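Here is the structure we will look at.
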Amino acid sequence: MSACLLWFRRDLRLSDNPALTAALARGTPVIPVYIHDPEAERPWTPGAASRSWLHHSLTALAADLAVRGSCLIVRRGPALDTLQALIGETGANAVLWNRLYEPALVARDTRIKAALKRDGIEAGSHNAALWCEPWQIATGSGAPFKVFTPFWRALATRLPDAPIQPAPERIPAPREWPAGLSIDELALRPQLAWDQGFYAIWQPGEAGALARLASFIDDGLHGYRDARDRPAEGGVSRLSPHLHFGEIGPRQVLRAVQRARAGGEVPERDAEHFLRELGWREFAHHLLHHFPETPDAPLNPGFAAMPWRAVRDHEAELRAWQRGRTGIPIVDAGMRELWATGWMHNRVRMIVASLLTKNLLIPWQHGARWFWDALVDADLANNTLGWQWVAGCGADAAPYFRIFNPVLQSRKFDATGRYIRRWVPELADLSDAAIHAPWTLGADAPRGYPPPIVDLGASRQRALDAYARMRAAG
DNA sequence: TCTCTGTTCGC
DNA sequence: CGAACAGAG
């Protein structure tokens, strides 16, 4: 009897899922499968925080499938071998999935599709993750975009308009289910439960994603343009991990914003600024597709000559940055928020990344690696774009060498020090005037909090000099 | 999605 | 003397 394997990867939802829609349209039983195959993602195997989230997301998906008379079959091993084994066991004659965009996974999926077709198996891939496929958008001369603003203008002409499918009420089951592992057997959670704190603020899974979107549209979108920059406020959507795992799709987010905008509940400027953030996500995938080397190498080749400091000589500085012990309050607050919650506010991501790459002159790849392990929303496209942007070697390079001043940023975006007080409690008693730069208190600076790891003025000049030397060499 | 400096303006 | 602004990198 014929059946269809529905291969879940990072599209862990039942609404707005084109592969699921296609599977149902075939009218045969559907066998949902998740295959744990981290080796295929080398060198970017999922980090520890991301694996923790995945555990919870798979658990939610399995429950959502069970309610619909279905079942998530969990396996481990090379994806093609596992799919072929399942085909043998179930007699399935089709495999459907939604696309991923990481270079290593694109290569794997291409091989799998060819192998399945050679065996006479229908193999179909769909778009669940993007407004617009990276290869469907180009400059006037047919080249990929490297600057955000023109990319955004082009994207606006190609927004999706197909209707969004709701989650089905039932999913037809096979007469017999193949064997599978329990989610626990994948050992995705850390041995020491350092991720416990994460789930006080996060609800992985489709229901959590939809609830987050709804509450953001209701009371976060209004005033978003300004509130999004203040890390002490809940002024951002916090949808990033849900989007990364496909617990919600960008089309669903777009549709919800458009509805709120049309209803007049939300000022145009706030809707526009939020949609631009989704535009940056699309841009990141566009760049990763067209420049697959960029997770490791600068997009701007001139940066090969950038005299970064060798990290092996400065392990202690990297370690202090990772642990939130740089002595610069806004930076330490961000790094500790990351450690405690698996997430960091985007404004603060830019500040901590600028300190590492500019003031400490440590290569951006080391920061990207740390984020990769610590973020629940770790995403190769977004992480690469963000780090290259801050380092100055990526797309949308400014005509100047951008160096954030963490004290000014802190005064501007955390004026009352609420964010710092929350994550750096040893500074909680300082005045609003002193909390952004406690070393200015001299002998009165709080004990137990380190002095700044670098002189911000001198290290700024050092970075500018390094940049000038790079340009002279190029 | 920036910072620094110098200038001007208002108090 | 600080706020506001322009220009440069």
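Order of the sequence lines sets the chain letters (A, B, ...), proteins ahead of strands, with each chain counted from 1. Note that the structure is a prediction, hence the values are computed from the model and not measured. Computed from heavy atoms alone, side chains included, the values below leave out hydrogens, waters and symmetry copies.
- Each salt bridge (Lys or Arg N to Asp or Glu O under 4.0 Å) pair with one or both residues in residues 357-379 of chain A, not counting sequence neighbours, appears once here: Arg349(A)-Asp377(A).
- Note: CG (Asp229(A)) to C1' (dC2(B)) measures 12 Å, nearest angstrom.
- Counting to the nearest Å, the P atom of dC2(B) and the CD atom of Gln409(A) are 6 Å from each other.
- As a whole-Å value, the separation of Glu272(A) CD from dT1(B) P is 13 Å.
- Near DNA chain B, defined here as any heavy-atom distance below 4.0 Å, there are no residues from residues 356-370 of chain A.
- Among residue pairs with one or both ends in residues 218-230 of chain A, those qualifying as salt bridge (Lys or Arg N to Asp or Glu O under 4.0 Å) are Arg228(A)-Glu277(A), Asp229(A)-Arg347(A), Arg230(A)-Glu233(A); sequence neighbours excluded.
- Across all strands, Arg460(A) comes closer than 4.0 Å only to sugar-phosphate atoms, never to a base (heavy-atom distances).
- Aromatic rings from His290(A) and His286(A) are positioned such that their centres are separated by under 6.0 Å.
- Phe401(A) places its CZ atom 16 Å from the C1' atom of dC4(B), with the value rounded to the nearest Å.
- For the salt bridge (Lys or Arg N to Asp or Glu O under 4.0 Å) test, no residue two or more places apart in sequence or in another chain qualifies with Arg460(A).
- Rounded to an integer number of Å, the gap from NZ of Lys412(A) to P of dT1(B) is 11 Å.
- In this structure, Asn346(A) atom CG and dT1(B) atom P are separated by 13 Å, rounded to whole Å.
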Considering only nitrogen or oxygen atoms on both sides, find all protein atoms under 3.5 Å from nucleotides 5-7 of chain B and state each distance.
none

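- Remark: Glu265(A) pairs with no residue by the salt bridge (Lys or Arg N to Asp or Glu O under 4.0 Å) rule, at least two apart or across chains.
- For residues 415-430 of chain A, the set of pairs meeting the salt bridge (Lys or Arg N to Asp or Glu O under 4.0 Å) definition, not counting sequence neighbours, comprises Arg325(A)-Glu426(A), Arg336(A)-Glu426(A), Arg421(A)-Asp432(A).
- If you measure from atom CZ of Arg347(A) to atom P of dT1(B), you get 10 Å, rounded to the nearest angstrom.
- Counting non-hydrogen atoms under 4.0 angstrom, Leu464(A) reaches nothing in the nucleic acid.
- With ring centers used as reference points, Trp339(A) lies under 6.0 Å from Trp370(A).
- The CZ atom of Arg471(A) sits 10 Å away from the C1' atom of dG9(C) (whole-angstrom rounding).
- Applying the side-chain hydrogen bond (donor to acceptor under 3.5 Å, both in side chains) test to pairs two or more places apart or on separate chains, those with a residue in residues 203-217 of chain A are Ser15(A)-Glu206(A).
- Gln461(A) comes within contact range of no nucleotide atom at all, as no heavy-atom separation falls under 4.0 Å.
- Legend: side-chain hydrogen bond (donor to acceptor under 3.5 Å, both in side chains) pairs involving residues 461-474 of chain A, not counting sequence neighbours, sorted by first then second residue: Gln461(A)-Asp465(A), Tyr467(A)-Arg471(A).
- Per the stacking criterion (ring centres < 5.5 Å, plane angle < 30°), Tyr400(A) stacks onto the base of dC2(B).
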